[in-house]
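Sharing a structure below in structure tokens format, with a few things to ask.
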Amino acid sequence: MSGNSKPRRMTGGQALVECIAREGVRHVFNVPGESYLGALDAFYDHPEIQLITNRQEGGACYMAEAYGKATRSPGVCFVTRGPGATNASIGVHCAAQDSTPLVLFVGQVPRVNRGREAFQEIDYGRFFGSIAKWVVEVDRAAKIPEVVVRAFHMARSGRPGPVVVSLPEDMLVEEAEMHFPPPIPATRPHPDPAAIAALCERINGAAKPVVLAGGGVQYAHGRDALVAFAERFQLPVLTSWRRNDAFPNSHPHYCGNLAIGKSPGQELARAADLLVVVGDRLSEITTGDYKIPLPGQPIAQIDIDPAVIGRNFAPELAIVSDARLALQAALQQPARPARGRREWIATGRANHEASVALRPRDAEHVAQETVIEELRAQLPADAILTVDAGNFSAWIQRFYPYDAEDSLLGPTVGSMGYGLPAAIGAKVAHPERVVVGTCGDGGFMMTVQELATAVQYGVNIIQLVFNNSTLGTIRMHQEREYPERVVGTDLVNPDFAALARSYGAVGLRVERSGDFRAALQEALRADKPVVMDIITDKENISVAATLAEIRSGKLTSKRKAAH
Ligand SMILES: Cc1ncc(C[n+]2csc(CCOP(=O)(O)OP(=O)(O)O)c2C)c(N)n1
């Protein structure tokens, strides 16, 4: 719905939900609280919006974040005052680092009590100040329409991110004449044509150019334009960490994903004589601790946000633009790829293919390689996978081919507890697609309560839990820095399959590699949410090295390197 409408008298809470409906929002994630009853009640009159009640605000906000990532429209979440806001903050932190559009509405104490350390009072401007794109408190009901329209605009425009709107309890029941402005149309900055011409000239003259594609390409729906650009200018393409699906992985120009740990993709990036960065902020993980690009290595950077350009590495060419519009503009430019480009790409591709070939591993329990093999064989091409923080994710990210748009949703913020709620958020956004959430046993238990949400709303995801009874990532770091001094990282878990059944989901426990195929088939046939408890060997602690290899010094100790 759009357009100015006649002013109407209503409460702040009613106006708020009216605004949300006018933004086209159809799903809202929340944990109710008495602080925003005036808004909660207004949902009663808006059955076109599905209000999904979560079990913990961290899960709710992650779900809204993943929904925003998967749809490119702001995920919407409602939580109560201090305790709700602090629980939800992990989703705000995630949306900020992951550049995801999100609007978090938070209850607030009545205006008359502000500043008295009233019950559950928090100054959200200070609390969310360093992680949200904008924090605003609505001081008068009449201002709701103006503030909400701006909140949605801020969340989705430029570099997308989280906006927090604070709702004093009494403001939500105050009546006012409401003037509803139309939602602000999406803005998509076009590139400077001269800069695009210069970029293409520079690419034509380079011997070994490489493209690095990030979330900006995904957000702008720029994959097709990137494929055409890479083919026209004969460019190999890398993707940034957890943005694997920014370019179709089966394409002959795709040469890998930049992540922690040595890879042919890193070698390719280091060998480049021009790095063309499109919609990526060159994060610590993607750049391998800020070691790529090399000092003095030429960079051309396209980004929608001038503040991202040159933050860590100064480019010689900078273009502020929507990624898709910049790539489409480049397609109009003459292409004269230098000789030798085809070989440059073919070598990068061959090295990448060799690095993602699955080598079967002997395992007492389930080998992660077997899981990937079966996912490759059994999932439909447009399946969506989510990941959590944890070493298990390296297998999912490195070895699965992401060909469809939005086929991988992962927290570039690296926060545990994401995999399950993100899978639910993605499935709510795309009910027609198969959604497979993945996590470790540590991450699973951080938001396991959201299984009840999946069951309650019939959101049929398949959740894989890589269960090695340890916080594997930390155990790996621990063994590398302090070999054999295991402390604080072992876990004693409940029976996850039985736990899943108690929630009303299907619970499957898989202990041996040979049983995984049939179990996945069963999961894909189920008409309920499914949890697959996959028992893995502690010894297979990482893609890079086993526990024994780490103890014998296969990985370089950061602590020793620092001395
Ligand atoms: C919310 C949060 N808390 C703590 C961490 C630190 N951390 C990173 S990975 C990890 C262990 C993950 O263990 P698990 O989920 O079992 O996966 P695994 O590493 O064993 O594959 C921890 C504690 C984090 N990234 N996020």
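For ligands, and for the atoms within them, numbers begin at 1 and follow the listed sequence.
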Quiz item: Any idea how Tyr67 and Phe29 line up, ring-wise: parallel (<30°), tilted (30 to 60°), or perpendicular (>60°)?
Solution: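 The rings of Tyr67 and Phe29 stand perpendicular, inter-plane angle above 60°.
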Practice problem: Return yes or no for this condition: an N or O of Ile474 is under 3.5 Å from an N or O of ligand 1. | Solution: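 Among all N and O atoms of Ile474, none is under 3.5 Å from an N or O of ligand 1.
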Quiz item: So is there a nitrogen or oxygen of Gly472 less than 3.5 Å from a nitrogen or oxygen in ligand 1?
Solution: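 For ligand 1, there is an N or O atom that lies under 3.5 Å from one belonging to Gly472.
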Exercise. For atom 26 (N) of ligand 1, find the nearest protein heavy atom and state the residue, atom name and distance (0.1 Å precision).
Key: Met416 N, 3.1 Å
Quiz prompt | salt bridge (charged side-chain N to carboxylate O under 4.0 Å, His left out) evaluation trace for Glu34 with Arg81 | solution = CA-CA 9 Å; Glu34 71 275 27; Arg81 292 175 289 225; 3.3 Å; yes
Practice problem: Could you tell me which atoms of ligand 1, counted from 1 in the order shown, lie closer than 4.0 angstrom to a heavy atom of Thr470? | Solution: 16 (O), 20 (O)
Exercise. Please work out whether any backbone atom (N, CA, C, O) or any side-chain heavy atom from C-beta onward of Arg475 is under 4.0 Å from ligand 1, and answer side chain, backbone, both or neither.
Key: neither
Quiz item: Would you say Asp362 has more than 12 foreign heavy atoms packed within less than 6.0 Å of its CG?
Solution: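 Counting other residues, nucleotides and ligands, CG of Asp362 stays at 12 neighbours or fewer.
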Quiz prompt | side chain to side chain contact (heavy atoms under 4.5 Å, CB included) between Tyr36 and Asn30, intermediate numbers included | solution = CA-CA 11 Å; Tyr36 68 90; Asn30 89 112; 3.0 Å; yes
Quiz item: Less than 3.5 Å between some nitrogen or oxygen of Leu471 and one of ligand 1, yes or no?
Solution: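 Among all N and O atoms of Leu471, none is under 3.5 Å from an N or O of ligand 1.
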Exercise. Provide, to 0.1 Å, the distance between atom 14 (P) of ligand 1 and the closest protein heavy atom, together with that atom's residue and name.
Key: Gly442 N, 3.6 Å
Practice problem: Using the six-membered ring wherever Trp is involved, compare the ring planes of Tyr124 and Phe128 and label them parallel, tilted or perpendicular (cut-offs 30° and 60°). | Solution: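 Tilted.
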Exercise. For atom 15 (O) of ligand 1, grab the closest protein heavy atom and report residue, atom and distance to one decimal in Å.
Key: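 Result for atom 15 (O) of ligand 1: Gly443 N, 2.8 Å.
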Self-check item: Ligand-side contact atoms (ligand 1) for residue partner Asn468, heavy atom cut-off under 4.0 Å
Solution: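 Contacts of ligand 1 toward Asn468, numbered from 1: 20 (O).
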Practice problem: Just do the salt bridge (charged side-chain N to carboxylate O under 4.0 Å, His left out) check on Arg311 and Asp305 with the steps written out, would you? | Solution: CA-CA 11 Å; Arg311 175 176 287 163; Asp305 185 353; 5.6 Å; no
Exercise. Could you list the residues that satisfy salt bridge (charged side-chain N to carboxylate O under 4.0 Å, His left out) with Arg242, not counting sequence neighbours?
Key: none
Quiz item: Who's the nearest protein heavy-atom neighbour of atom 21 (O) of ligand 1, and how far?
Solution: Phe392 N, 2.9 Å
Quiz item: Could an N or O of ligand 1 be found under 3.5 Å from any N or O of Met446, whether backbone or side chain?
Solution: no
Quiz item: What pairs with Ser557 under side-chain hydrogen bond (donor to acceptor under 3.5 Å, both in side chains), at least two apart in sequence or on another chain?
Solution: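 Once residues adjacent in sequence are excluded, the partners of Ser557 under the side-chain hydrogen bond (donor to acceptor under 3.5 Å, both in side chains) criterion are Glu481.
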Quiz item: For ligand 1, which atoms sit closer than 4.0 Å to a heavy atom of Asn391?
Solution: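 Contacts of ligand 1 toward Asn391, numbered from 1: 18 (P), 19 (O), 21 (O).
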Exercise. Would you mind checking which non-hydrogen protein atom is closest to atom 19 (O) of ligand 1, with the distance to 0.1 Å?
Key: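 Its nearest protein heavy-atom neighbour is Thr473 OG1, 2.6 Å.
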Quiz item: Does Val434 offer a backbone N or O that forms a donor-acceptor pair with the side chain of Lys427 under 3.5 Å?
Solution: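 Side chain of Lys427 to backbone of Val434, a donor-acceptor pair under 3.5 Å: no, none is there.
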Quiz item: At what distance is the nearest protein heavy atom to atom 25 (N) of ligand 1, and which residue and atom is it?
Solution: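 Result for atom 25 (N) of ligand 1: Gly414 O, 2.9 Å.
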